[in-house]
Protein chains: 2
Amino acid sequence: MNLRDLRYLLAVLEHGHFGRAAEACGVSQPTLSVQLRKLEAELGVALLERGARGVAATAACQRLLPHVRAAVAEADAIQAQARSLRDPLSGPFRLGIIPTLAPYLLPRVLAALRTRLPSLDIEPWEDLTDSLMERLRAHDLEACVIATEPNEPDLLSRPLFAEPFLAALPPAHPLAGCATVAEEELARDILVLAEGHCLRDQALAICRTAASQPMRATSLVTLMHLVAAGYGTTLIPALAAAAAREMGLVLRPLATGASRTLRLVWRARSPHRTAAEAVAQSIIALTNREWQTSP
Amino acid sequence: MNLRDLRYLLAVLEHGHFGRAAEACGVSQPTLSVQLRKLEAELGVALLERGARGVAATAACQRLLPHVRAAVAEADAIQAQARSLRDPLSGPFRLGIIPTLAPYLLPRVLAALRTRLPSLDIEPWEDLTDSLMERLRAHDLEACVIATEPNEPDLLSRPLFAEPFLAALPPAHPLAGCATVAEEELARDILVLAEGHCLRDQALAICRTAASQPMRATSLVTLMHLVAAGYGTTLIPALAAAAAREMGLVLRPLATGASRTLRLVWRARSPHRTAAEAVAQSIIALTNREWQTSP
DNA sequence: CCTCTCCGATAGAGAAAATCTATGATGACA
DNA sequence: TGTCATCATAGATTTTCTCTATCGGAGAGG
């Protein structure tokens with residue numbers, strides 16, 4: 001069975017006339033005649049009653065008609081939706097982001113991304129790096145923003161921007177008086193996130209220490225509350241600075257100026273790589289401008 | 001766009017593998033490869049991401065997928081329903097019947113018709129002859145049972161049985177004592193149905209008179225009530241005899257034994273003519289047996 | 001590091017299907 | 001009883017699909 005023949009059938013019924021239906025379909029009258037006879041033969045059911053004064057649907061045909069119309073309507077829907085998805089910079093784009101970045105980056109770029117890529121339907125998805133990469137491989141995400149290098153042959157990535165780390169201290173902390181903080185000093189009472197957060201590993205690596213804290217924090221906000229309450233110090237990424245300051249923390253640059261590099265990662269063969277590149281480009285442009293206007 | 005290609009797409013997504021999908025579809029792997037590329041080109045959208053380890057749907061494809069599945073499901077529904085309609089003695093069969101016959105004939109034959117033609121879905125439609133014929137011509141009915149000859153070139157008909165007329169009298173009526181009633185005598189105070197009922201015209205013709213009654217009755221039951229109440233006499237078809245007797249009317253054969261002939265009528269070119277003939281045949285057989293068992 | 005294997009893409013030939021033009025058949029209508 | 005309108009049919013042509021054979025790339029494993 002063929003959608004074309006179903007359309008022929010609907011046309012003949014609509015016009016009640018093979019010739020006019022053929023014209024409407026842009027084919028010759030014998031074509032309709034042959035194809036509809038073939039359709040009747042295939043279904044084993046007489047669909048049309050050919051009278052001297054026009055053509056009418058048989059009762060059997062009337063029973064089938066709702067399904068015929070539905071099938072044709074679904075086909076039309078496929079084409080209509082495909083038309084709106086035709087632009088590579090359109091359609092759904094599921095974007096994974098790590099939790100230590102999402103709440104601080106998204107408010108800054110999401111609205112602007114919608115303006116720059118109006119047909120791209122960016123659906124943010126927040127999770128830990130490993131989960132994001134797994135979803136990316138499983139085609140459940142089109143791209144993700146992470147702070148590590150993916151190092152997989154199937155994946156491509158592009159650096160977006162470097163985000164400096166800052167020492168976050170309670171106001172009363174001895175180091176709060178220094179202009180910069182040496183990583184080794186921070187190490188003494190540093191608090192880090194729960195396992196799985198890349199920021200945890202990076203903080204420990206930068207401070208050349210291992211974690212031994214009794215508290216478990218699964219978000220930066222929790223961590224900053226702990227610091228504000230005087231349990232210790234921590235290392236936060238620069239984009240979280242405003243939130244930290246609002247909580248009364250003192251922020252100091254690190255002695256080495258260590259930073260993490262955020263990257264956009266996507267599957268090398270993904271048909272959405274064009275969109276991914278465009279998203280990367282846009283985030284780069286937006287964050288560069290941001291750094292300048294509100295450092 | 002083609003239903004076949006949509007099925008190919010679903011198969012590839014289901015198997016995640018062109019080769020196995022091709023086998024499932026009963027075609028070669030290049031066929032799927034070519035056809036699906038063509039489908040992607042036609043829609044202008046990348047549907048599949050071909051990876052080293054299998055094939056996956058793109059985000060665009062996932063948006064289209066519900067419509068694709070729906071279109072294929074509707075096509076399957078068409079074929080399934082067509083299969084059940086394949087038998088010419090199956091499917092809906094809208095059968096028109098005149099009001100002076102329907103309530104008396106249908107109870108006698110409908111159940112038996114269902115037994116004899118179990119897949120034929122007989123839907124009775126009661127109306128006056130003219131309306132029935134109009135609906136028949138308009139393909140809103142497959143056939144009708146009427147008491148007149150259609151006399152139209154597009155229509156075929158077949159006599160079902162002859163139904164004698166009986167004089168219906170109130171018990172106190174002078175003619176109630178006679179074994180038979182002469183039509184001229186009945187004519188004096190005969191009551192007939194409203195205009196449009198063929199029985200009205202036939203009764204008046206048989207009695208060689210014209211109607212001049214003040215009362216208007218649109219059903220035999222009403223008419224019989226009028227007779228029972230002593231407003232006059234009437235002529236009823238034999239199948240209504242039992243109902244008339246139950247109302248206390250006296251029934252007498254007519255002197256001439258006049259009767260009406262019921263006919264089944266259908267469109268000469270209707271694809272349901274086989275069913276129509278079968279229905280006619282069945283009614284003939286059933287009523288013949290009926291006459292014998294309960295005259 | 002190199003081969004081996006697996007998988008999808010491609011090319012070209014062949015088969016199948018759809019379509020066209022021309023014409024036939026049938027019934028309505030004047 | 002022609003004439004018109006309408007759908008069906010025939011045969012040629014074009015388009016589309018499908019096949020076999022083969023290519024090329026990417027992992028896997030020695």
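What's counted below: heavy atoms across the whole structure, side chains too, no hydrogens, waters or symmetry copies. By convention in this document, chain letters (A, B, ...) are assigned in the order of the sequence lines, proteins followed by strands, and residues within each chain are numbered from 1. What you see is a predicted model; the values in this text were computed from it and never measured.
Ion pairing between a basic and an acidic side chain is recognised when a charged N comes within 4.0 Å of a carboxylate O; B/D76 and B/R7 show such pairing.
Distance, B/R20 CZ to C/dC6 P: 11 Å, rounded to whole Å. Whole-Å rounding puts the B/Y8 OH to C/dG8 C1' distance at 17 Å. The nearest whole Å value for the distance from the CD atom in B/Q35 to the P atom in C/dA17 is 14 Å. Atom CG in B/L155 sits about 11 Å away from atom P in C/dA28, given to the nearest Å. One interatomic measurement links the two molecules: CG of A/N2 to P of D/dT16, which rounds to 12 Å at whole-angstrom precision. Atom CD of B/E40 and atom P of C/dG8 are 13 Å apart (whole Å). As rounded to whole Å, 13 Å separates atom P of D/dT20 from atom CG of B/L32.
Between A/R37 and D/dC7, a side-chain N or O to OP1/OP2 separation shorter than 4.0 Å is absent. Contact annotation: B/S28 side-chain N/O to D/dT18 OP1/OP2 distance is not under 4.0 Å. Taking only side-chain nitrogens and oxygens, A/H17 comes nearer than 4.0 Å to OP1 or OP2 of D/dC7. Distances shown here put every side-chain N or O of B/R4 at or beyond 4.0 Å from the OP1 or OP2 atom of D/dT16. The shortest distance between the side-chain N/O atoms of A/K38 and the OP1/OP2 oxygens of C/dA17 is not below 4.0 Å.
Residues B/R50 and A/G26 each lie close to DNA chain C; by heavy-atom proximity, the contact nearer the 5' end of the strand is made by B/R50.
Taking the side chain to side chain contact (heavy atoms under 4.5 Å, CB included) definition, one finds that A/E14 meets it with nothing, sequence neighbours left out.
When distances are taken from the side chain of A/T31 to each of C/dC20, C/dA9, D/dT6, the shortest belongs to C/dC20.
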Open item on the list: Please encode protein proximity along nucleotides 21-27 of chain D as a string of B, S and -, counting only heavy-atom distances under 4.0 Å.
Closed with: B----SS
